[in-house]
Amino acid sequence: MVVEAIPDDTRYLALCAIVTIAMQTSFFIVAASCKFDKVTDFAGGTNFVVLAILTFCLAQTYADRQIMVTVCVTIWGLRLSGYLLYRIIKIGEDKRFDDKRENCLAFAGFWVFQAVWVFTVSLPVMMVNAPLSKNLVTLGAADYVGVAIFAIGLLLEAVADQLKFNFRNNPANKGKWCTVGPWSWSRHPNYFGEMCCWWGIFIISCSILIGGEWAAVLGPIFLMAILLFLSGIPLLEKKADERYGNLDTYREYRIRTSPLIPLPPPLYAALNNILKAIFCCEFPLYNHLKDEPGENSYIKQQDSSGTSQPQTA
């Protein structure tokens with residue numbers, strides 16, 4: 001029943017790498033040939049689902065933990081890829097590729113990176129779904145903690161995405177930034193939710209990891225590194241600072257709102273810069289304002305009126 005004597009690729013690492021490369025290459029050919037942006041994020045999200053279901057079906061062990069992880073990743077992947085596909089259809093084109101559509105090598109670089117992202121982040125799923133006897137042990141405390149963190153992250157990410165999408169599609173909000181719901185406590189609550197999802201998956205996998213399998217921790221770490229330092233928060237912070245940086249109300253929002261971890265604005269505003277950087281990920285690379293008049297303006301408003309001015313968006 002347990003296929004444990006597979007001499008090569010017991011954990012389906014090579015197979016998942018081949019499937020990922022094949023999927024991303026296929027979508028790249030379509031996108032590059034047609035100068036088509038609409039399949040990029042869809043290709044990434046669905047690739048996670050394919051790997052989860054593929055490894056689950058091939059193992060044929062159907063342990064509770066394997067079912068739990070496969071269902072979680074499938075829900076997450078279908079929700080995210082469906083949302084991103086619908087959003088890009090509404091928007092029309094992805095501005096991330098404005099400087100890459102005519103440069104085939106630069107465009108291909110994105111797809112190579114996306115393949116690495118999908119494979120690396122999926123490592124905990126591959127470890128859990130491998131057809132090994134140790135993977136069939138009953139569920140424990142770590143599994144329930146992991147699925148709870150995943151559920152919280154999924155809910156936060158889905159709600160934040162939908163609220164921002166609705167906000168942007170309301171003509172009355174033109175020229176404003178989103179501060180509704182979780183966006184009033186975090187400048188990027190959807191990213192925090194996504195990190196929670198994959199740390200939750202990793203925590204579930206901790207129940208069965210041994211030896212070199214602990215390399216699965218690279219999955220959530222790699223995801224965090226991308227969102228914190230590469231193509232996630234840095235790009236969006238720069239865009240927001242350039243667009244709204246001349247508004248004192250935006251600067252006030254920036255000072256009072258955590259970049260990632262949702263916190264009450266008064267609590268976050270009371271922290272000094274060192275604590276914000278260490279515990280709240282408020283890194284200097286996120287600041288693209290020419291100066292800091294927003295903070296001084298906010299302090300002056302408090303000194304002159306005793307209360308902060310209300311936000312306009």
Side-chain angles (χ1 to χ4, degrees), residues 9 11-31 36-89 94 110-131 135 143 146-147 149-158 160-162 190-191 193-205 216 218-220 222-223 226-227 232:
D9 201 23
R11 295 166 182 82
Y12 303 130
L13 298 178
L15 176 62
C16 287
I18 293 171
V19 170
T20 299
I21 293 170
M23 278 193 67
Q24 297 307 310
T25 300
S26 300
F27 278 106
F28 163 69
I29 293 173
V30 173
F36 194 55
D37 296 340
K38 294 179 176 59
V39 297
T40 51
D41 290 323
F42 180 79
T46 54
N47 203 155
F48 283 98
V49 176
V50 169
L51 295 187
I53 295 177
L54 176 65
T55 54
F56 176 77
C57 292
L58 287 176
Q60 297 184 10
T61 46
Y62 311 121
D64 292 341
R65 183 176 297 100
Q66 295 171 337
I67 295 173
M68 176 187 292
V69 165
T70 303
V71 169
C72 285
V73 173
T74 300
I75 293 173
W76 174 85
L78 292 179
R79 201 282 318 171
L80 182 63
S81 57
Y83 163 74
L84 293 176
L85 179 62
Y86 180 71
R87 188 183 69 173
I88 192 62
I89 290 174
D94 195 329
F110 165 83
W111 290 91
V112 171
F113 184 81
Q114 180 155 275
V116 173
W117 165 61
V118 171
F119 179 83
T120 304
V121 176
S122 293
L123 283 173
V125 181
M126 300 176 209
M127 300 306 173
V128 170
N129 281 349
N135 289 6
D143 300 293
V147 78
I149 293 175
F150 173 87
I152 292 171
L154 180 65
L155 179 63
L156 177 60
E157 183 179 18
D161 281 343
Q162 192 60 50
N190 53 337
Y191 287 163
E194 185 162 343
M195 292 178 192
C196 286
C197 285
W198 284 101
W199 276 111
I201 295 296
F202 171 72
I203 291 172
I204 294 173
S205 74
L218 293 175
F222 188 64
L223 175 70
I226 293 173
L227 296 180

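Hydrogens, waters and symmetry mates are skipped; everything else that's a heavy atom, side chains included, is used.
- Across all non-hydrogen atoms, the minimal contact from Pro124 to Phe202 is CB-CA, 4.2 Å.
- Residue Gln162 holds its CD atom at 12.5 Å from CG of Asn190, rounded to the nearest 0.5 Å.
- Note on ring orientation: taking the six-membered ring where Trp is involved, the planes of Trp111 and Phe27 are parallel (angle under 30°, cut-offs 30° and 60°).
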message: Under the criterion side-chain contact (heavy atoms from CB on, under 4.5 Å), I'd like the reasoning laid out for Ile149 against Trp198: C-alpha separation, chi angles, the key distance, then a yes or no.
response: CA-CA 9 Å; Ile149 293 175; Trp198 284 101; over 6 Å; no

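- Minimum heavy-atom separation, Ile201 to Cys72: CD1-CB, 3.9 Å.
- Contact check for Asn129 versus Leu54: no side-chain heavy atoms found under the 4.5 Å cut-off.
- Residues Gln114 and Ala43 approach most closely at NE2-CB, 3.9 Å, considering heavy atoms.
- For the atom pair Ile152 CD1 and Leu155 CG, the distance stands at 8.5 Å (nearest 0.5 Å).
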message: Working note: Asp161 + Arg79, criterion salt bridge (Lys or Arg N to Asp or Glu O under 4.0 Å); need CA distance, chi angles, decisive distance, verdict.
response: CA-CA 11 Å; Asp161 281 343; Arg79 201 282 318 171; 3.0 Å; yes

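- Between atom CE of residue Met126 and atom CZ of residue Arg11 there is a gap of 12.5 Å, rounded to the nearest 0.5 Å.
- In this structure, the side chains of Cys16 and Thr55 come closer than 4.5 Å at one or more pairs of heavy atoms.
- In terms of modelled atom types and a separation under 3.5 Å, the side chain of Gln66 and the main chain of Val128 share a donor-acceptor contact.
- With values rounded to the nearest 0.5 angstrom, Ser205 atom OG is found 9.5 Å from Leu123 atom CG.
- Side-chain atoms of Leu154 and Ile75, non-hydrogen and from C-beta on, do get closer than 4.5 Å to each other.
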task: Could you go through the side-chain contact (heavy atoms from CB on, under 4.5 Å) check for Leu80 and Asp41 one step at a time?
output: CA-CA 9 Å; Leu80 182 63; Asp41 290 323; over 6 Å; no

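- Summarising the geometry, atom CZ belonging to Phe48 is positioned 14.0 Å from atom CD1 belonging to Ile53; distances are rounded to the nearest 0.5 Å.
- To the nearest 0.5 angstrom, Met195 atom CE is 10.0 Å from Ile226 atom CD1.
- Shortest non-hydrogen contact noted between Leu218 and Thr120 is O-CG2, 3.8 Å.
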- prompt: Can Asn135 and Arg65 be said to form a side-chain contact (heavy atoms from CB on, under 4.5 Å), step by step?
  reply: CA-CA 8 Å; Asn135 289 6; Arg65 183 176 297 100; 5.7 Å; no

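- Minimum interatomic distance between Ser81 and Thr46 (heavy atoms only, all atoms of both residues): OG-CG2, 3.8 Å.
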query: For Phe56 and Val125, what are the C-alpha separation, side-chain angles and deciding distance, and is it a side-chain contact (heavy atoms from CB on, under 4.5 Å)?
result: CA-CA 9 Å; Phe56 176 77; Val125 181; over 6 Å; no

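- Among all heavy-atom pairs drawn from Cys197 and Phe150, the shortest one is O-CD1, 3.4 Å.
- Using a 4.5 Å heavy-atom threshold, the side chains of Leu223 and Trp117 count as touching.
- The shortest distance between side-chain heavy atoms of Leu15 and Leu58 falls below 4.5 Å.
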